[in-house]
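Quick caveat, the model's predicted, so the values are computed rather than measured.
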Amino acid sequence: MATGFDELLDPNGFVPHGVCLLWRPDILALHIASDTLIGLSYFSIPLALLYFVHRRRDLVFGWVALLFAIFIVACGTTHLLAVWTLWNPDYLLEGVVKAITALASLATAATLWWLMPRLLVLPSPKELERTNTALEREIAVRRQAESRYSSFFNNLAEALFIVEVRPDGDFAYEAINPALARATGLNPEQLRGRRVRDALSPEVADAVLGRYSQCRDTGESIDYEEVLSLPVGQRVFHTMLVPMKDANGRVVQLLGSGRDVTERRRLQEEMVQTSKLATLGTLAAGMAHEMSQPLNIIRLWAENILARLRGNALDPDRVDRALTLVIDQTERMARLIDHVRTFGRRDGGSTQVFHPVTCINSAIDLVRHQYALEDIEIVERAASTDLLVDGRPLELEQLILNLFSNARDAILALRGAGRAAGRIMVDVSGEQDGHTMAIQVTDDGGGIDPALLPRIFDPFFTTKEVGQGAGLGLSIGYGIVDRMGGRIDAANVDLEDGHRGLRITIILPSQPASSLDRELSHA
């Protein structure tokens, strides 16, 4: 039978639910107690959920608790209405509450199934416990490693430092170890976190920033020596920089190690000076001849002029020619003495750009006459004379003289065995890459045992008889070439005339020449 909306809202057409239970007190008490307890419990559970979500804000799906709270409150309300309708037939209200409960239940169930795949991948409490245990172990291991590395950093005798590369490309010190602080006199606390230009003097900052920028820009390790003016004085450091990159390949740190080689550099220079004086000693005989020749010429012409003066037979033209000759010979002796004095003095600490051919010519001039007396010819072939190198000219001249001396000894030894020899060839040329030049000194002294070739640049190694050589010449020469950024090699060669000999090849990086240098060189 159709009814209107007003009739639907009118509860007078219904009978209370208690009628269905025949108003039996025991049945009524059971329903009332059960529904009341269920309703009150349902109201308590949402409060507990909301309190839990409020205190645990780290929950991933905390908002789902709100749906459960609405659903549970609606369920609790239906149970309380079940008690109410035992005496009051408000079945429409009860139906509306049940409809709300149905909607909340449907939304909660749909959400729960939608979230089910994500909920299943959440770790269980046991998994979380195992993960936490593993993390605790890893943290302990990392702390031990950090402690070891910190101890390594602070106690290592090698000077270590860490430089931060900031986003703007500037550099700041993160840390220096005590060894570096002792070697330099710098205070680690004053350096930490400060930019390099603020932490160091302008002169030292300019010197180190160029190297830091090179390592940052190339992204490769670099190895170099530098002279720095520090609080402890001027020191020479052999430094290595290693770039550290992030996941994007950007250099974010520079790890540096340094070793104070001031004393080693001083000893090297002492050895070079000692070797230079020994070379001068070897040249003494040739120098005596070189000096005696102009002295004899001066004496002969002076005696000739004196005899004519006593005999009243002076010829002005002859006197003029004699005195001019005397002046020329004295100038020749002065140049020779000046060169010997220059060669024998100690080199300064700085390097310069120079023409290596000039050093080679000076070395040849010193020994040419002496070697000529021993029937040893020096043949010079310079294919390129305008190439420049960076270094110390006297050290390169010393190296060439030492190579001449070794070649002379080999030639004389071969002659002592009854074989012919007597030529030293010097070749200077530019390499095909355009950035290096080669100096080759070749003799026809028979060469040396191939098994000994790898050792000839070792200190104190010599193929000469006991007392005839200390074995330091080639070792010092190796250091000279290395400091100039080049390399030196030795090889046995077969010459065109059927002779066999040793060839020493020196490869040096060339330096760009200015227009004035080129004009002077060609002139």
Side-chain angles (χ1 to χ4, degrees), residues 272 275 279 351 353-364 367 371 376-411 414 421-459 461-464 469 471-511:
V272 169
S275 175
T279 301
T351 62
V353 177
F354 64 94
H355 292 281
V357 174
T358 304
C359 299
I360 297 172
N361 291 335
S362 297
I364 293 174
V367 300
Y371 286 14
I376 298 175
E377 180 188 9
I378 299 179
V379 181
E380 181 186 7
R381 291 177 293 188
S384 178
T385 59
D386 59 354
L387 291 177
L388 299 173
V389 296
D390 186 18
R392 299 177 180 176
L394 292 180
E395 286 190 351
L396 181 60
E397 182 176 340
Q398 175 189 353
L399 171 57
I400 300 301
L401 284 172
N402 184 263
L403 297 182
F404 287 168
S405 177
N406 290 342
R408 168 185 172 273
D409 292 342
I411 290 172
L414 190 64
R423 199 154 54 108
I424 301 174
M425 287 79 69
V426 184
D427 295 275
V428 183
S429 62
E431 295 292 276
Q432 293 182 354
D433 59 9
H435 302 292
T436 56
M437 65 164 301
I439 302 172
Q440 291 183 334
V441 177
T442 309
D443 62 66
D444 58 357
I448 65 174
D449 186 349
L452 301 179
L453 275 177
R455 300 178 54 195
I456 66 172
F457 297 108
D458 294 344
F461 176 80
T462 179
T463 59
K464 301 176 183 178
L472 288 176
L474 287 178
S475 175
I476 293 173
Y478 183 93
I480 292 173
V481 174
D482 183 66
R483 286 193 294 274
M484 296 177 68
R487 68 179 190 274
I488 181 170
D489 300 305
N492 289 317
V493 293
D494 293 321
L495 303 176
E496 296 177 355
D497 55 5
H499 290 79
R500 183 174 176 82
L502 181 69
R503 174 172 293 164
I504 303 293
T505 302
I506 303 169
I507 305 295
L508 297 175
S510 61
Q511 303 295 321

Rounded to the nearest 0.5 Å, what separation is found between the [atom1] atom of [X] and the [atom2] atom of [Y]?
| X | Y | atom1 | atom2 | answer |
| --- | --- | --- | --- | --- |
| Ile439 | Thr505 | CD1 | OG1 | 10.5 Å |
| Asp427 | Arg503 | CG | CZ | 7.0 Å |
| Ile488 | Ile506 | CD1 | CD1 | 4.5 Å |
| Arg392 | Glu397 | CZ | CD | 15.0 Å |
| Ile360 | Phe404 | CD1 | CZ | 7.5 Å |
| Met484 | Leu399 | CE | CG | 9.0 Å |

Would you name the heavy atoms of [X] and [Y] that are closest together and state the gap between them?
| X | Y | value |
| --- | --- | --- |
| Cys359 | Pro393 | SG-O, 3.4 Å |
| Arg487 | Val481 | N-CG1, 3.3 Å |
| Gly447 | Asn492 | CA-OD1, 3.3 Å |
| Ile507 | Ala438 | CD1-CB, 3.6 Å |
| Pro509 | Val389 | O-CG1, 3.8 Å |

Inset, instruction - Kindly write out the residues that satisfy side-chain hydrogen bond (donor to acceptor under 3.5 Å, both in side chains) with Asp482, not counting sequence neighbours, or none if the list is empty. - result: none
Could you tell me whether the side chain of [X] and the main chain of [Y] form a donor-acceptor pair under 3.5 Å?
| X | Y | answer |
| --- | --- | --- |
| Ser510 | His435 | yes |
| Asp444 | Ile411 | no |
| Ser405 | Leu401 | no |

Inset, instruction - Would you check if Leu502 and Leu453 make a side-chain contact, meaning some heavy-atom pair closer than 4.5 Å? - result: yes
Legend entry - Worked check of side chain to side chain contact (heavy atoms under 4.5 Å, CB included) between Leu388 and Phe354: CA-CA 5 Å; Leu388 299 173; Phe354 64 94; 5.9 Å; no
Legend entry - Verdict with supporting geometry, Asn406 and Val441, side chain to side chain contact (heavy atoms under 4.5 Å, CB included): CA-CA 10 Å; Asn406 290 342; Val441 177; over 6 Å; no
Legend entry - Chi angles and distances behind the side chain to side chain contact (heavy atoms under 4.5 Å, CB included) call for Arg500, Val493: CA-CA 6 Å; Arg500 183 174 176 82; Val493 293; over 6 Å; no
Inset, instruction - Show your working on side chain to side chain contact (heavy atoms under 4.5 Å, CB included) between Leu508 and Thr436 and close with a plain yes or no. - result: CA-CA 6 Å; Leu508 297 175; Thr436 56; over 6 Å; no
